[in-house]
Amino acid sequence: MFESMRKDFPILHEQIHGKPLIYFDNAATTQKPESVLDAVHTFYTRYNANIHRGVHLFTERATQLYEQARATVAASIGADAKEIVFTKGTTESINFVASTWGKQYIHAGDEILITELEHHANLVPWQQLAREKNAFLRYIPVNSDGTLQLDRLADLVTPNTKLIALSHSSNTLGVHNDMKAVHAYAKQVGAALLVDAAQSAPHQRLDVRALDCDFLAFSGHKMLGPTGIGVLYIKHTLHERLEPYQYGGGMVFEVDLYRSQWRKAPHAFEAGTPPIAQAIGLAAAIEYLQEHVDVQTLQSHEAALCARIIDGLKMLKKVQLFGPLEQLRSQGHLVSFAIDGMHAHDVATYLSYQGICVRAGHQCAQPLARKLGIQAAVRASFYLYNTLAEVDLFLESLEHIIKTYG
Ligand code: PMP
C-alpha cells in the first residue's frame, strides 16, 4: 500500500547477514525518510547556530526554524504552540511532569492511578514520587489479554485521586486504551490526566482538545523523527501554576544575585540549549507523514499486517500469542508471542540471521509480563513501509527456526 514510499528510506536497502533487511522493530524506533535526514543535514550545513541568544543572521534563522518546528508539532495535535515543550523523549516528558507538577501538587495520602500495562517510563517516576510523598500508587488491573479492567475505575478513582496517567496504546501487547472512559472519571474527581502517547502518536491523529488531557507525551524517534527529541504538551491553564523543570540559561527573563524571573511558557520549561536540529527533524517527519500518509489507510495497512502475522503464527506449532487478538486485527500495529521451549532472545537472534529485526524480552513492562506469566516475548511491530510479503518471509523463517531448533 505504501510500498512506493520504501525508496524514501535509505536504510531499507541495507542487508543484515547478507539478507535484505526486514525491520519489524518499529515500536522501539522507526527508520527515517530522506526528507528528515535532509532537514537535519541542511540545518547543520547551512544554518547551524544556537537559538534565542543572538542577533546574527544564523541565530535568527535557527530560532525561526526551531519555533516553526514547535508550531508544526502543536498544529499536528491540535495544541497551541506555547503548550508544546521539547524534551529528549517520552521518558523525559513524564519525568518532567513528575518532578514539577507532581512535586508541587501530590501530597501525603494522595493517590496516583496508573495501569498494570505501563512502560517503565510511565511507572517508575510515579513510584518514586509516591515513595517520596507518602502518596499511594494504584493500578487499573489488566485482563489476561492485556485489556484494562475499566469497570474497576468506579472503585479505584476516589476523591484522593490526583492524577491518572496511562498509555494510549501499549508497547508490549498493542492494546489500545479507551481514553474516554478514563477521562470521565478523572474529571469527576478533578484529577489531572496524563496520556503516554509514545505508541499512539505514530499511528493516529491525536487531538489534545478532544482527549481533554492535561499532559501528553511522545517521542520523535518512534514516528520517523530523530532520536533525542520528545514532546510534552502541557495544557495552557497549568502554565502559571507550574515551577520550571530545570534552571539555567534560556528560561530566565531576568537574573539577580539572589532572585530570578522566568520567561513565559514554553520557554520557562526549556533550560539550556534545546535539541534544535532534532526538533527541526521532527517537524520534517510530521510534514512527511501529513503529506504522504492518510491515517485511516495507515491503520488498515498495519491491521492487515497484524491479521496476516496472527493467522500465520496460529498455524505454527508451539507458538503462544499474547494480547487482544481481535482488537489487533482491526487496529493493531504490533504482535507479541512466545515459542514453547525456546527463549525469546534465541528466537530474535535466529531471526536476525535471516535479516529480520524484532524485539525480545519484557519490553520495558516487567510488572505486566509478571502478571500475565510471560517470561519473555518476541514482538513484531510494524510501520508504513512494512509489507505483507515481509510478513510471509518472516513466517517462513520462523517456521524453519522452530523446525530446526525448537
Ligand atoms: N512509553 C511507551 C508506551 C513506550 O513504548 C516508550 C518507548 N518504548 C516509552 C514510553 C519511552 O520512550 P523513550 O524511550 O523514547 O523515552
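Each ligand, and each atom within it, is numbered from 1 in the order the structure gives. Computed from a predicted model, the values in this text were never measured in an experiment.
- Contact between His221 and ligand 1 is present, with at least one heavy atom of the residue lying under 4.0 Å from the ligand.
- Atom 1 (N) of ligand 1 has its closest protein heavy atom at Asp196 OD2, 2.6 Å.
- The CD1 atom of Ile229 lies 10.0 Å from the CD1 atom of Ile276; values are rounded to the nearest 0.5 Å.
- An N or O contact shorter than 3.5 Å links Thr91 to ligand 1 by distance.
- In this structure, Lys222 counts as a contact residue of ligand 1, since one of its heavy atoms falls inside 4.0 Å of the ligand.
- No side-chain donor-acceptor contact under 3.5 Å links Thr297 to the backbone of Val293.
- Within ligand 1, counting atoms from 1 as listed, the ones closer than 4.0 Å to a heavy atom of Asn171 are 5 (O).
- Ligand 1 has no nitrogen or oxygen under 3.5 angstrom from a nitrogen or oxygen of Ser167.
- The protein heavy-atom contact nearest to atom 4 (C) of ligand 1 is His119 CD2, 3.4 Å.
- Ser99 and Asn95 share no donor-acceptor pair across their side chains, judged by distance under 3.5 Å alone.
- The shortest distance between side-chain heavy atoms of Leu325 and Lys314 falls below 4.5 Å.
- Residue contacts with ligand 1 leave out Asn122, since none of its heavy atoms falls under 4.0 Å from the ligand.
- Remark: minimum distance from atom 5 (O) of ligand 1 to any protein heavy atom is reached at Gln199 NE2, 2.7 Å.
- Ring pair Phe322/Phe337: centre-to-centre distance not below 6.0 Å.
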Tell me, with the steps shown, if Tyr245 and Glu92 meet side-chain contact (heavy atoms from CB on, under 4.5 Å). CA-CA 10 Å; Tyr245 170 51; Glu92 189 177 35; 3.4 Å; yes
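- Note: Arg152 CZ to Asp155 CG = 6.0 Å, rounded to the nearest 0.5 Å.
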